[in-house]
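Inspection log for the structure reproduced underneath, given as structure tokens.
Computed from a predicted model, the values in this text were never measured in an experiment. Throughout, numbering of the chain's residues begins at 1 and tracks the sequence.
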Amino acid sequence: MPGTNPLNVEKQERHSGERDVNLGKRNVVVAAAFPPPLHGLSKISASIASDLAGLANVRCYDLSSRSLTRSPSYHWRRFLSAIMAAFGIMRNARRLHPCVYLPADGGLGLVYTLLLASLARISSQAIFVHHHSFSAVDRRQVLMTAMVRIAGSEATHIFLCEVMERRFRQNYAGSWKGLISSNAVHLSAIVDTPAEARDVLRLGLLGNLTRDKGLHVFLDLLRACAARGVSVQGILAGPAEHPEDAVAIEAARAELGERLNYLGPLYGADKDRFLSGLDVFVFPTSYRNEAQPNAIFEAMSAGVAVVVFARGCLSEDVTPDCGVLIDPSIDFIPAACAQIASWSEDRATLNAAKSASRRRFAECRQRAEIGYQALLDAISGGVAP
């Protein structure tokens with residue numbers, strides 16, 4: 001990962017003072033979760049740290065627990081990493097033009113964000129808080145209220161879409177500054193491949209395969225399509241780390257036979273080929289932190305129609321011509337099954353949706369490039385937000 005390895009911070013800092021004076025760059029502490037494990041937030045944090053390294057003196061502190069499974073060791077690692085980051089922030093206060101970049105945690109881990117923001121504020125450092133979760137956006141929360149107040153009016157809050165910033169401002173008043181930087185900028189379009197003519201529609205789900213991320217609804221959707229006589233094949237890609245989810249997949253495979261295929265975790269070119277081979281990407285997420293999942297942009301970039309719950313930024317990123325946005329208050333399966341049945345009978349309409357998805361991703365990415373450059377300029381001190 002570009003920037004300073006957090007394990008080597010002390011050794012590399014011995015000569016930092018002279019280098020900082022000569023370059024006159026802003027000194028930025030990036031306290032975030034970096035891979036592993038690889039997920040949307042850790043991937044984006046690594047990308048931002050890498051791009052900032054060419055514009056500022058960047059020191060990274062890894063807040064990752066190295067696991068997605070909650071356990072005593074998970075919390076202990078998070079606590080120790082937050083303490084290391086706290087010491088790093090206080091050391092950064094002695095440098096020229098100090099700045100701290102913090103992704104806001106979406107759960108109780110916001111306590112750590114609050115601690116680090118407090119240290120940055122009392123040491124008079126510029127503060128940038130990047131919001132990747134809607135859990136504290138849709139409804140006012142005590143911890144987030146405290147964090148916004150402690151970060152202060154000079155802090156800059158970074159959002160993924162206009163909907164996110166608008167709702168945040170409704171719940172957390174103040175004169176703080178705001179920037180919008182979409183996750184689309186961190187993704188590239190998947191190379192267009194000729195569509196394979198087939199009778200069976202391929203429905204896909206990619207990501208951490210859990211109940212919250214829609215696994216069980218996806219399996220029930222396949223059952224509903226089978227009961228209705230719609231010719232589909234469901235394809236799953238990603239890890240199933242919880243035993244109950246692995247059992248659900250195996251039970252569905254035994255029941256559905258060739259109607260369900262599980263490929264396991266996929267990365268790089270294998271993931272691109274998986275997405276390119278789909279007709280419809282189904283994402284019935286109920287995850288309370290859901291904001292702007294990379295998997296949706298990846299599917300759209302591959303020219304895949306989408307059927308999703310309209311959560312987080314999806315109501316802004318996905319337009320009706322790309323597929324179907326389903327209100328989270330209604331039953332996903334009947335609405336999704338009806339649309340898939342319609343597409344099965346009318347392939348021209350499906351192909352139009354697939355083409356619209358690719359165009360929409362290109363639009364989102366082009367707009368995101370402008371917002372991302374503004375983010376980098378603001379954090380590095382190049383341009384005020």
Side-chain angles (χ1 to χ4, degrees), residues 40 133-135 137-139 161 163 200-238 240 242 244-245 247-249 251-253 255-256 259-262 274-275 278-300 302 304-346 349-350 353-354 356-357 360:
S133 166
F134 260 75
S135 63
V137 171
D138 284 332
R139 53 196 175 277
C161 62
V163 169
V200 177
L201 288 188
R202 291 184 179 175
L203 316 182
L205 175 63
L206 168 72
N208 293 315
L209 301 177
T210 65
R211 182 177 295 277
D212 284 351
K213 285 290 188 175
L215 168 64
H216 296 254
V217 175
F218 180 84
L219 298 176
D220 286 342
L221 174 61
L222 295 181
R223 295 183 176 102
C225 287
R228 186 165 174 164
V230 183
S231 185
V232 300
Q233 181 188 36
I235 309 176
L236 295 169
H242 302 303
E244 65 173 287
D245 299 319
V247 168
I249 292 172
R253 291 175 71 181
E255 175 187 350
L256 296 169
R259 287 178 175 269
L260 176 63
N261 189 12
Y262 175 42
F274 159 74
L275 290 170
L278 297 179
D279 296 298
V280 182
F281 190 86
V282 180
F283 197 67
T285 178
S286 60
Y287 182 47
R288 66 187 182 90
N289 293 340
E290 202 69 75
Q292 194 178 53
N294 288 345
I296 296 297
F297 279 138
E298 290 172 330
M300 292 169 66
V304 179
V306 294
V307 178
V308 299
F309 266 140
R311 296 187 184 277
C313 292
L314 292 178
S315 60
E316 180 177 322
D317 297 329
V318 179
T319 54
D321 56 343
C322 301
V324 180
L325 282 161
I326 299 174
D327 191 305
S329 65
I330 70 174
D331 192 345
F332 184 91
I333 293 173
C337 187
Q339 181 60 69
I340 291 166
S342 176
W343 278 334
S344 181
E345 297 173 358
D346 184 357
T349 302
L350 172 61
K354 294 169 72 171
S357 280
R360 179 58 180 166

Q.
Among residues at least two apart in sequence or on other chains, which ones pass side chain to side chain donor-acceptor pair (under 3.5 Å) with Gln292?
A. Ser182, Asp317
Q) Taking side chain as C-beta onward, heavy atoms only, is Leu350 less than 4.5 Å from Asp346? A) no
Q | With sequence neighbours excluded, residues passing side chain to side chain donor-acceptor pair (under 3.5 Å) with Ser315 | A | none
Check: residues 337-344 side-chain donor-acceptor pairs under 3.5 Å, at least two apart:
none

Q. Salt bridge (Lys or Arg N to Asp or Glu O under 4.0 Å): which pairs involve residues 327-345, sequence neighbours left out?
A. none
Q. Mind checking what makes side chain to side chain contact (heavy atoms under 4.5 Å, CB included) contact with Glu316, not counting sequence neighbours?
A. Cys161, Glu162, Val163, Arg367
**Q.** Where at least one partner belongs to residues 217-238, residue pairs that pass salt bridge (Lys or Arg N to Asp or Glu O under 4.0 Å), sequence neighbours excluded
**A.** Asp220-Arg223, Arg223-Glu255
Q) Can you name the side chain to side chain contact (heavy atoms under 4.5 Å, CB included) partners of Ser357, sequence neighbours left out? A) Met300, Cys322
Q. Among pairs that include at least one residue of residues 304-323, which meet ring-ring contact (aromatic ring centres under 6.0 Å, His included), considering only residues two or more places apart or in two chains?
A. Phe309-Phe332
Q: Carefully, step by step, assess His242 and Thr210 under the rule side chain to side chain contact (heavy atoms under 4.5 Å, CB included).
A: CA-CA 7 Å; His242 302 303; Thr210 65; 3.8 Å; yes
Q) For Ser286, what residues pass the side chain to side chain contact (heavy atoms under 4.5 Å, CB included) criterion, not counting sequence neighbours? A) Asp212, Arg311
Q. With sequence neighbours excluded, what pairs up with Val247 under the side chain to side chain contact (heavy atoms under 4.5 Å, CB included) test?
A. none
Q: Report the residues that fulfil salt bridge (charged side-chain N to carboxylate O under 4.0 Å, His left out) with Asp138, sequence neighbours left out, ordered by chain and then residue number.
A: Arg167
Q: Please identify each residue that fulfils salt bridge (charged side-chain N to carboxylate O under 4.0 Å, His left out) with Asp245, with sequence neighbours left out.
A: none
Q.
To check you understand the geometry: which heavy-atom pair defines the closest contact between Val282 and Leu205, and what is its length?
A. O-CD1, 3.2 Å
